[in-house]
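Structure first, then comments.
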Amino acid sequence: MEINSINAAVLAKMFLNGAKNLEAKKEWINELNVFPVPDGDTGTNMSMTILSAAKEVSALEQPDMASIAKAISSGSLRGARGNSGVILSQLFRGFTKVIGKEQEITVPVLSAAVQKAVETAYKAVMKPKEGTILTVARGAADKAAQMAEETEDLVCFLDEVIKEAERVLKKTPDMLPVLKQAGVVDSGGQGLVVILQGAYDALLGKEIDTAIDAGPAAEVRKITKETEAEIKFGYCTEFIIVLNHPLTDHAERKYKAFLESIGDSIVVVADDEIVKTHVHTNDPGLAIQEALTHGSLSRIKIDNMREEHQERLIKDAQKLAAQQAASQAAEPLNGQVSEHKDIGFIAVSVGEGLSEVFRGLGADYMIEGGQTMNPSTEDILNAIANVPADHVFVLPNNKNIILAANQAAALSEEKQVHVIPTKTIPQGITALINFIPEQTAEENESRMLDEIKNVKTGQVTYAVRDTVIDDKEIRQDDYMGIGDKTILAVGKELEQVTLTMAESMIDDDSAIVSIYYGEEVKEDDANVIAEKIMANHADLEVEVQYGGQPIYYYLISVE
């Protein structure tokens with residue numbers, strides 16, 4: 001089969017199928033999160049980003065290249081969520097700058113579009129890190145440039161480009177040690193490969209359903225016995241093979257073929273030392289027996305998917321409801337639009353107590369969101385539009401929201417937007433505390449940027465899988481105290497882990513410790529922790545406040 005050009009109709013099908021493929025595999029991509037926390041959301045963020053564009057493409061009645069390019073670029077820019085979603089939107093933005101000027105896509109055009117996509121995405125990230133989606137995209141672009149000199153056949157071209165993307169993806173653990181320790185490839189890079197694979201299937205003419213749901217509510221499915229019957233293979237089986245010898249290409253193909261003979265949803269990620277395996281099968285024992293012929297096994301995990309199916313559907317519905325709430329972001333705190341002023345504030349927060357703290361400090365608008373429900377660029381744009389101020393300060397309060405905030409600032413035309421790159425809720429609180437109304441926006445921005453550097457943040461949650469990070473062995477359901485850069489404490493007792501984490505953050509320059517306890521924690525338990533900290537540090541001021549945040553038992557800041 002040889003194809004030398006792609007028209008607008010075929011491009012639309014390819015894009016929509018790429019979006020569908022990502023949507024179908026988003027939960028698996030979520031599980032590739034390096035830290036074993038219950039809030040991995042790369043797959044969700046990328047999926048919601050591309051679906052925002054896919055809905056605009058689906059709405060086109062008679063699409064041509066220019067209109068498809070505009071729909072993809074505009075839809076993904078405004079729908080971008082999380083760092084991975086923003087980077088994906090920038091890849092699309094660069095890609096569409098080239099294809100939007102063409103009547104049909106040939107190999108030279110596609111190669112140029114891929115080069116522009118990577119160039120645009122790299123420019124959008126202040127400090128690009130290798131071993132990420134950017135690296136995978138660049139590997140694909142380099143191969144595209146090479147193949148453009150060798151063939152005019154788009155089928156051959158894309159096949160080789162995708163193979164190269166997969167090869168680079170496998171090498172991401174060698175570029176980022178944290179990936180290798182966790183036994184995973186980069187989740188954003190995996191998401192990109194999934195999109196490319198879906199688009200390629202559409203080019204080959206495989207029977208696909210490219211219908212895009214009208215909105216998030218349409219994704220909630222009724223829980224019935226019929227939905228349970230959709231699960232053909234009942235056991236989700238995962239493990240890591242510690243290889244006796246590196247797998248040859250032939251041995252790897254043979255291993256994958258065996259897994260395909262006993263199941264589906266197969267993922268095999270191999271390097272010279274380990275092979276991470278994921279397969280859905282009705283006989284996990286067969287997969288394990290085959291794997292043992294190549295080495296010893298670790299981190300074996302077998303889940304009965306039929307038993308978990310109903311619970312997962314319920315959780316999906318709850319998550320979608322939360323995301324819908326996040327999308328209704330820009331509402332005045334007092335229900336009315338206040339008088340126009342020089343400087344206004346938007347804060348991203350989750351948890352009744354934490355949101356009340358921001359209200360008390362003078363935040364004009366709240367965006368409900370955080371881990372697992374990152375607001376989109378459009379959510380932030382809507383909030384900016386509704387703040388009655390010439391200068392609008394945005395406090396993302398999460399490192400995975402900063403890029404979306406920056407993108408919203410770049411798209412805002414009528415107001416001067418200042419994004420304070422707060423990575424945690426305590427940093428956002430400190431920024432607002434240091435606001436001085438009598439000074440200019442520029443003076444306040446400078447002060448806030450200086451002050452947030454003095455805030456240390458620790459967060460306590462639980463592990464969702466076994467792993468090793470920074471030489472700390474972590475077991476599923478362990479409590480973890482996570483600092484700004486690494487895991488500070490691990491253990492079976494919540495109080496002890498919290499105290500160990502706090503102690504590792506306190507030094508001779510520390511003056512204030514603030515403890516925000518979550519929705520599952522009792523105030524008395526938080527007070528006990530505060531008393532023990534004060535007993536060890538009589539000169540410290542320790543405050544306890546209700547945060548009400550989900551997932552994280554405690555947020556602790558040290559200044």
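Just so it is clear, the structure is predicted and the values come from calculations on it, not from any experiment.
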task: Can you measure from CZ (Arg78) to CG (Leu381) and round to the nearest 0.5 angstrom?
output: 5.5 Å

task: Could you check if a side-chain atom of Thr44 sits within less than 4.5 angstrom of a side-chain atom of Asn30, using non-hydrogen atoms only?
output: yes

- prompt: Is there a donor-acceptor pair under 3.5 Å between the side chain of Thr457 and the backbone N or O of Pro426?
  reply: no

- prompt: Are Val185 and Leu179 side-chain neighbours, meaning at least one heavy-atom pair lies under 4.5 Å?
  reply: no

- prompt: Side-chain contact, heavy-atom cut-off 4.5 Å: Met46 with Ile133?
  reply: yes

- prompt: So which of Tyr554, Tyr462, Tyr553 actually passes ring-ring contact (aromatic ring centres under 6.0 Å, His included) with Tyr479?
  reply: Tyr553

message: Any salt bridge linking Asp364 with Lys341? Criterion: basic side-chain nitrogen under 4.0 Å from a carboxylate oxygen.
response: yes

- request: Could you check if a side-chain atom of Phe95 sits within less than 4.5 angstrom of a side-chain atom of Lys116, using non-hydrogen atoms only?
  value: no

message: For a quick check under 3.5 Å, do Thr424 and Asn398 share a side-chain donor-acceptor pair by atom type?
response: no

message: Under 3.5 Å, is there a donor on one side chain and an acceptor on the other for Asn397 and Thr422?
response: yes

Gln416-His391 side chain donor-acceptor pair, cut-off 3.5 Å: no

Do any side-chain atoms of residues 62-76 form donor-acceptor pairs under 3.5 angstrom with protein atoms, and if so which ones, sequence neighbours left out?
| unit_1 | atom_1 | unit_2 | atom_2 | d |
| --- | --- | --- | --- | --- |
| Asp64 | OD1 | Ala66 | N | 3.3 |
| Asp64 | OD1 | Ser67 | N | 2.8 |
| Asp64 | OD1 | Ser67 | OG | 2.8 |
| Ser67 | OG | Asp64 | N | 2.9 |
| Ser67 | OG | Asp64 | O | 3.0 |
| Ser76 | OG | Ile72 | O | 2.7 |
| Ser76 | OG | Ser73 | O | 3.2 |

- prompt: Rounded to the nearest 0.5 Å, how far apart are CD of Glu102 and CD1 of Ile99?
  reply: 9.5 Å

task: Please confirm whether the backbone N or O of Ile195 pairs with a side-chain atom of Asn21, one donor and one acceptor, at under 3.5 Å?
output: no

query: Between Tyr365 and Asn386, is there a donor-acceptor pair closer than 3.5 Å when you use the side chain of the first and the backbone of the second?
result: yes

- request: Before giving the answer on salt bridge (charged side-chain N to carboxylate O under 4.0 Å, His left out), spell out for Arg81 and Asp379 the whole-Å C-alpha distance, their side-chain angles and the decisive distance to 0.1 Å.
  value: CA-CA 10 Å; Arg81 296 173 185 265; Asp379 292 334; 3.6 Å; yes

Distance, nearest 0.5 Å, that separates CD1 of Ile346 from CG of Leu395: 9.0 Å

Value rounded to 0.5 Å, distance of CG in Leu203 from CE in Met14: 4.5 Å

Any side-chain donor near an acceptor of the partner, Thr430 and Glu451, under 3.5 Å: no

field: Heavy-atom donor-acceptor pair, Glu352 side chain to Gly547 backbone, under 3.5 Å
entry: no

message: Salt bridge or not between Lys123 and Glu119? Use side-chain N to carboxylate O under 4.0 Å.
response: yes

message: Is it the case that the side chains of Gln90 and Gln407 hold a donor-acceptor pair, with the cut-off being a distance below 3.5 Å and no angle test?
response: yes

message: Once rounded to the nearest 0.5 Å, what's the spacing between atom CG of Leu51 and atom CD of Glu56?
response: 12.0 Å

message: Would you say that Ile425 contacts Val348 through its side chain, given a criterion of any heavy-atom pair below 4.5 Å between the two side chains?
response: no

query: By ring pair (Phe, Tyr, Trp, His ring centres under 6.0 Å), which residues pair with Phe15, not counting sequence neighbours?
result: Phe92

query: Looking at Ser510 and Val558, what are the two nearest heavy atoms and their distance?
result: OG-CG1, 3.3 Å

field: Crowding at CZ, Arg138 (>12 non-hydrogen neighbours, <6.0 Å)
entry: yes

query: What's the verdict on ring-ring contact (aromatic ring centres under 6.0 Å, His included) for Tyr546 and Tyr516, showing C-alpha distance, side-chain angles and the deciding distance?
result: CA-CA 5 Å; Tyr546 173 63; Tyr516 304 93; over 10 Å; no

- prompt: So, do Met480 and Val460 sit near enough that their side-chain heavy atoms are less than 4.5 Å apart?
  reply: no

- line: Closest non-hydrogen contact found for Ile380 with Ile401 is CD1-CG2, 4.3 Å

message: Using only atom types and a distance under 3.5 Å, with no angle test, would you say the side chain of Thr461 pairs donor to acceptor with the backbone of Ile551?
response: yes

task: Mind listing the closest non-hydrogen atom pair of Val350 and Pro550 along with its distance?
output: CG2-CD, 3.8 Å

- prompt: Could Lys20 and Glu23 be called an ion pair, given the rule that one side-chain N must be under 4.0 Å from one carboxylate O?
  reply: no

message: Please give me the minimum heavy-atom distance between Ala530 and Val544, naming the atom from each residue.
response: CB-CG2, 3.5 Å

Over all atoms of both residues, closest heavy-atom pair of Gly351 and Ser349: O-OG, 4.2 Å

query: Centroid-to-centroid, Phe435 to Phe393, below 6.0 Å?
result: no

message: Keeping Ser58 on the side-chain end and Lys55 on the backbone end, is there a donor-acceptor pair under 3.5 Å?
response: no

field: Closest contact, heavy atoms only, Ser355 versus Glu368
entry: OG-OE2, 3.5 Å

- prompt: Would the number of heavy atoms belonging to other residues, nucleotides or ligands and lying under 6.0 Å from CD of Glu130 be above 12?
  reply: yes

- prompt: Under 6.0 Å from the CD atom of Glu543, do we count more than 12 heavy atoms belonging to anything else shown?
  reply: yes

message: If I take atom CG from residue Asn444 and atom CG from residue Leu432, how far apart are they, to the nearest 0.5 angstrom?
response: 10.0 Å

- prompt: Near Lys423 NZ, under 6.0 Å, is it more than 12 heavy atoms from other residues, nucleotides or ligands?
  reply: no

